[in-house]
Asker: 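Can you read through this structure? Questions will come right after.
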Amino acid sequence: TTTTTTTTTTTTTTPTTTTTKNTTSSTNTVPDTYWYNGNLQEGKKGDFVTRWARGVKVAEPIKRYDPISAEKLLFRQPAKWLLRNIQIGLPLALWATAVITDILTNNEPSNRKARAQQLQKTISLLGPAIIKGGQALASRSDLMPSEYLEELQKLQDDVPTFDDKQAFQTIEQELNIDSFDQVFELIQQEPVAAASIGQVYQARLKSNGDIVALKIQRPNCEQVIALDLYVLRWWSGLGNILFQWLGRDIDLTSIIDDFGELIYRELDYVAEAANAQRFSQLYSGYVRDVFVPKVYSELTTSKVLTMEWIDGYRLTDTQSLEQNGLDRKKLVDTLVQCSLRQILENGFFHADPHAGNLLACKDGRLCYLDFGMMSYADTPQRNGFLLAVVHIVNRDWDELVQLYQKLGFIPYGTDLQPIADALENTLPDALNADLSELNFKSVVSNLGDIMYTYPFSLPPFYIAIIRCLGVLEGLAIQVDPQARIINDAYPYIANRVLTDPQDELQEALRRLALTPQGTIRWNRLEGLLETAKNSEGYDVTVALDQLTNYLISDDGEALLNDLTDRIVDGTDSLGTEFIGYTLEASRALVLNDEVAAVRAFRSIQKIFEEEEQQQQQQQDDDNNQNRNKHSGQEHAKVDVTSERLRTGLADLLPEPTPSMRRFWKIASLLGARGASSDPTKLFPIVRKLAQEPKVQKTASEIAARLGERALSRSLRAAFGLSSPSFQSRSSGIDSGVSPSNTKNTK
């Protein structure tokens with residue numbers, strides 16, 4: 001491969017000098033003048049149709065799937081659909097018969113690879129719609145063995161090609177040019193890839209020398225897909241009758257209709273181009289190391305898509321990644337973080353992130369390809385998905401089923417208690433694994449069993465998200481066997497819960513971090529803070545602002561009282577402990593042990609010398625590779641140095657008390673600033689608290705109680721009595737105060 005293209009993404013290109021016959025012909029070509037800021041605009045004249053009409057969130061095709069019209073047309077042509085039934089049913093029946101025979105003769109395991117190859121070849125010859133179905137099965141590890149998954153993944157870009165002459169004729173007709181050679185020069189004579197709907201050529205523009213990828217739609221693709229959808233829809237009607245007989249409320253016809261709507265979007269390459277450009281605007285500059293090829297809009301029609309050619313490697317091509325020094329874990333992290341932001345922030349997401357639609361560029365960026373299958377989840381839907389994760393983590397099954405009903409998954413009037421009981425009895429088995437081992441597949445599989453048993457009806461957006469995340473985890477594990485999407489996603493979820501001001505997410509934070517009585521679950525809050533600091537863009541000052549807003553609200557009184565008790569108890573115990581600790585450390589390091597002092601000095605000196613060498617090496621690497629330093633690097637180096645100092649001196653200092661360890665832990669979490677954190681944001685928070693009468697009263701109470709304790713300790717020490725113990729309103733629960741020491745001092 002050649003050097004990776006590093007051109008920054010743009011939304012349109014300058015018009016080429018191509019001579020066309022008629023730019024306003026009956027084809028679906030959209031002139032460059034109808035593009036503005038990467039979006040197609042409504043034309044003042046003519047039949048040009050914007051793909052963003054009526055405020056749609058995913059670009060609409062000119063011709064949309066209409067099952068009723070298709071049924072009226074095809075029902076009058078029985079020869080077509082009867083023949084198509086035979087063409088589809090016979091090869092699949094032969095494969096199924098072979099598998100059943102293998103099972104009966106106990107040869108299924110040994111013949112599985114051959115049967116998987118047979119199924120892949122059979123599907124690849126059955127047309128675009130059936131191939132799309134096979135591609136969907138390739139990501140369903142819960143349904144298919146690994147041998148089948150491996151073979152079906154070949155359907156992503158290894159299907160039979162169609163004739164080059166037909167492809168070039170399509171280009172000439174769509175672009176209204178006299179000949180293919182007038183505009184393009186082929187770099188490779190054969191297609192570089194073939195997929196279910198089209199095939200791709202590598203070519204050079206004669207006008208400016210740019211190397212482009214030409215995607216050309218298969219001949220009569222829409223007619224073939226319409227016929228296949230009609231056949232599948234007919235069979236789904238029989239399936240609905242069977243499910244009704246079994247007492248199941250599953251509408252297979254609506255599933256086929258949703259599939260038809262998705263595949264018709266993929267048939268319109270102008271809609272795909274518009275999706276690519278919106279995706280680039282939303283993510284290629286916002287998410288680090290994400291790249292989208294630019295679109296040549298003046299050379300794009302509904303059946304021809306011209307995009308910038310990108311040299312790169314598949315994420316599953318381990319050998320090429322290693323040879324080029326590409327970090328697989330970093331690529332997976334970029335993929336996961338970008339996907340989470342697509343689904344949970346903007347809602348506009350790539351619904352098919354399989355290996356064939358992604359490339360690792362030589363400069364380390366992740367390139368997205370093929371924007372035909374996009375989906376959208378609006379704000380309530382994506383917040384609902386995030387809340388579902390929170391309820392599952394919190395084991396709040398009653399709230400989870402109520403949320404499912406609110407989202408439309410469960411009909412109103414359904415008895416929810418049996419569903420909540422089923423969730424409680426089933427999901428903990430999948431959730432009891434360590435977070436680093438928690439598998440998305442196992443959680444979804446357990447949820448799927450419940451959703452099959454009870455009257456669930458899943459909307460398209462939820463199916464698209466589940467499919468996206470399932471494909472994502474499957475690919476991530478292929479690239480990095482240690483990858484776990486739930487583990488990788490949790491820092492982002494914690495970040496959103498801590499910092500997002502939306503009411504639904506603030507309610508999620510309260511459910512996670514507070515008890516029903518309004519006191520803090522310290523371990524869980526500490527866990528959220530600890531996890532969120534690993535999320536890109538995390539800003540602890542925003543989290544503090546959200547927490548203080550609740551603290552001074554009418555609902556925060558219990559929390560304020562709880563904090564008051566903990567501050568008083570912690571400061572009181574920390575004060576006495578810190579004095580003793582400082583004296584003991586001083587003796588160990590200076591006063592009584594010269595050897596320990598020398599060892600401490602040499603340890604510190606060695607750590608800083610190594611740190612200086614590492615910084616110099618990093619600077620040399622940056623200069624050699626012309627990389628920019630990210631804003632969070634220096635802070636990360638300080639954290640590493642501090643940790644090494646603590647480790648290096650651990651055997652020289654006395655063991656900190658539990659109260660001191662808690663203090664340093666909280667201080668480090670509140671000081672863990674992400675790349676977007678700004679220390680000046682703390683000033684408005686402090687000012688807000690200082691001006692709040694409720695906080696002023698609390699501060700006075702804290703000072704008075706600490707004064708009382710200091711006076712009591714002094715008086716008892718003067719008379720030679722033991723140290724006092726004090727009663728707090730929290731009664732010592734989870735406050736660092738021993739229950740045995742919470743009696744009133746007499």
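Residue numbers start at 1 and run along the sequence shown. Everything quoted here is computed from the prediction, not taken from an experiment.
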Asker: Would you mind reporting whether P128 and V224 have side-chain heavy atoms less than 4.5 Å apart?
Answerer: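 Counting from C-beta outward, V224 and P128 do come under 4.5 Å.
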Asker: Is there a side chain to side chain contact (heavy atoms under 4.5 Å, CB included) between F371 and L305 once you walk through the steps?
Answerer: CA-CA 11 Å; F371 298 89; L305 176 60; over 6 Å; no
Asker: Please determine whether a side-chain nitrogen of the Lys or Arg among E147 and R115 lies less than 4.0 Å from a carboxylate oxygen of the Asp or Glu.
Answerer: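 No, this pair does not count.
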Asker: With no hydrogens and no angle check, is any side-chain donor or acceptor of R218 less than 3.5 Å from a backbone partner on S196?
Answerer: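 Pair found, side chain donor or acceptor close to backbone of S196.
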Asker: Is the count of non-hydrogen atoms from other residues, nucleotides or ligands lying under 6.0 Å from W235 atom CH2 greater than 12?
Answerer: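 Check fails, neighbour count at 12 or below.
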Asker: Would you say the side-chain atoms of Q381 pair up with the backbone N or O of D378, donor to acceptor, closer than 3.5 Å?
Answerer: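 Side chain of Q381 to backbone of D378, a donor-acceptor pair under 3.5 Å: yes, one is there.
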Asker: I need the minimum non-hydrogen distance between D352 and N357, along with the two atoms involved.
Answerer: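 For D352 versus N357, the nearest heavy atoms are O-ND2, 2.9 Å.
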Asker: Hey, what's the ring geometry for Y148 with W95, parallel, tilted or perpendicular (30° and 60° as the breaks)?
Answerer: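 Because their plane-to-plane angle is over 60°, the rings of Y148 and W95 count as perpendicular.
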Asker: Is any side-chain heavy atom of L119 closer than 4.5 Å to a side-chain heavy atom of L92?
Answerer: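 Sidechains of L92 and L119: in contact.
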Asker: Other residues, nucleotides and ligands only: do more than 12 of their heavy atoms fall within 6.0 Å of NZ on K406?
Answerer: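 No.
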Asker: Could you walk me through whether E151 and K113 pass salt bridge (charged side-chain N to carboxylate O under 4.0 Å, His left out), step by step?
Answerer: CA-CA 8 Å; E151 289 299 321; K113 181 71 173 179; 3.1 Å; yes
Asker: Got Y283 and V292 here, is their nearest side-chain heavy-atom distance under 4.5 Å?
Answerer: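 Side-chain contact under 4.5 Å: no.
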Asker: Would you sort out whether T253 and R233 count as a side chain to side chain contact (heavy atoms under 4.5 Å, CB included), showing the intermediate values?
Answerer: CA-CA 6 Å; T253 303; R233 205 168 185 270; 3.6 Å; yes
Asker: So how far is it from R204 CZ to I211 CD1, rounded to the nearest 0.5 Å?
Answerer: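 Here the rounded value is 5.0 Å.
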Asker: Determine the minimum heavy-atom distance between G312 and L359, stating which atoms define it.
Answerer: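 Closest pair (atom of G312, atom of L359, distance): C-CD2, 4.0 Å.
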Asker: In Å and rounded to the nearest 0.5 Å, what is the CG to CG distance from L386 to L344?
Answerer: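 One finds 5.5 Å between CG of L386 and CG of L344.
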Asker: May I ask you to decide if P411's main-chain N or O and Q405's side chain share a donor-acceptor pair within less than 3.5 Å?
Answerer: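 Such a contact is found between Q405 side chain and P411 backbone.
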Asker: Can you classify the ring geometry of Y404 versus F456 as parallel (below 30°), tilted (30 to 60°) or perpendicular (above 60°)?
Answerer: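 Perpendicular.
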Asker: Write down the atom of P160, the atom of L125, and the distance for their closest heavy-atom approach.
Answerer: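 The answer is CG-CD2, 3.9 Å.
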Asker: Say whether, by atom type as modelled, one donor and one acceptor occur between the side chain of E172 and the main chain of F180 under 3.5 angstrom.
Answerer: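 At least one qualifying donor-acceptor pair exists.
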Asker: Side chains of L315 and L335: does their closest heavy-atom pair fall under 4.5 Å?
Answerer: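 They are in side-chain contact.
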Asker: Could you pull out the closest heavy-atom pair between T301 and V270, with the gap in Å?
Answerer: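 Heavy atoms of T301 and V270 come nearest at C-CG2, 3.3 Å.
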Asker: Can you tell me how far apart CG (N275) and CE (M373) are? Round to the nearest 0.5 Å.
Answerer: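 Reported to 0.5 Å precision, the distance equals 12.0 Å.
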Asker: When you check the gap from the basic side-chain N to the acidic O, do R382 and E345 get nearer than 4.0 Å?
Answerer: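 Salt bridge between R382 and E345, a charged N being under 4.0 Å from a carboxylate O: no.
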Asker: With a 4.5 Å cut-off on side-chain heavy atoms, are L299 and L205 touching?
Answerer: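 A side-chain contact under 4.5 Å exists here.
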Asker: Quick one, I171 and I177 - any side-chain contact, counting heavy atoms below 4.5 Å?
Answerer: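 Of all side-chain heavy-atom pairs linking I177 with I171, at least one is under 4.5 Å.
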Asker: Distance check, rounded to the nearest 0.5 Å: R84 atom CZ versus L126 atom CG?
Answerer: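 Output value for this atom pair is 6.0 Å.
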Asker: Show the numbers, then the answer: is there a side chain to side chain contact (heavy atoms under 4.5 Å, CB included) between R341 and N346?
Answerer: CA-CA 7 Å; R341 279 162 172 76; N346 294 299; 5.5 Å; no
Asker: side-chain hydrogen bond (donor to acceptor under 3.5 Å, both in side chains) with E272: which of R265, Q277, K215?
Answerer: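 When side-chain hydrogen bond (donor to acceptor under 3.5 Å, both in side chains) is applied between E272 and each of R265, Q277, K215, only K215 qualifies.
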Asker: Using 0.5 Å steps for rounding, measure from the CD1 atom of I123 to the CG atom of L155.
Answerer: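 CG of L155 is found 6.0 Å from CD1 of I123.
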Asker: Just by modelled atom types, is the L369 backbone N or O under 3.5 Å from a matching donor or acceptor in the H350 side chain?
Answerer: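 Judged by distance alone, yes, a pair lies under 3.5 Å.
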Asker: For L73 and Y230, run side chain to side chain contact (heavy atoms under 4.5 Å, CB included): C-alpha distance rounded to whole Å, both residues' side-chain angles, the deciding distance at 0.1 Å, then the answer.
Answerer: CA-CA 10 Å; L73 176 64; Y230 174 73; over 6 Å; no
Asker: Atom CD1 in I343, atom CZ in F349: separation rounded to 0.5 Å?
Answerer: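 Answer for the CD1-CZ pair, I343 versus F349, is 5.5 Å.
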Asker: Indicate yes or no: at least one non-hydrogen side-chain atom of Y368 is less than 4.5 angstrom from one of Q342.
Answerer: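 They are in contact (side-chain heavy atoms under 4.5 Å apart), so the answer is yes.
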Asker: Nearest heavy-atom pair of K294 and Y296: which atoms, and what distance?
Answerer: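 The answer is CE-OH, 3.3 Å.
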Asker: Are the side chains of I466 and F385 in contact, using a 4.5 Å heavy-atom criterion?
Answerer: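 The answer is yes, as the side chains (C-beta and beyond) meet within the 4.5 Å cut-off.
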Asker: Please name the pair of heavy atoms, one in W309 and one in A213, separated by the smallest distance, quoted to 0.1 Å.
Answerer: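 Residues W309 and A213, closest heavy atoms: CE3-CB, 3.7 Å.
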Asker: Would you say that more than 12 heavy atoms from the other residues, nucleotides or ligands in this model lie under 6.0 Å from the NZ of K206, or not?
Answerer: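 Yes, the 6.0 Å shell around NZ holds more than 12 heavy atoms from other groups.
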Asker: Between K63 and D268, does any NZ, NE, NH1 or NH2 come within less than 4.0 Å of an OD or OE carboxylate oxygen?
Answerer: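 Salt bridge absent between D268 and K63.
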Asker: For E190, give me all partners under salt bridge (Lys or Arg N to Asp or Glu O under 4.0 Å), at least two apart in sequence or on another chain.
Answerer: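 Salt bridge (Lys or Arg N to Asp or Glu O under 4.0 Å) list for E190, sorted by chain: empty.
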Asker: Show me the donor-acceptor pairs within less than 3.5 Å that the side chains of residues 161-169 make with the rest of the protein, sequence neighbours left out.
Answerer:
| unit_1 | atom_1 | unit_2 | atom_2 | d |
| --- | --- | --- | --- | --- |
| D163 | OD2 | K165 | N | 3.1 |
| D163 | OD2 | Q166 | N | 3.4 |
| D164 | OD1 | Y201 | OH | 2.5 |

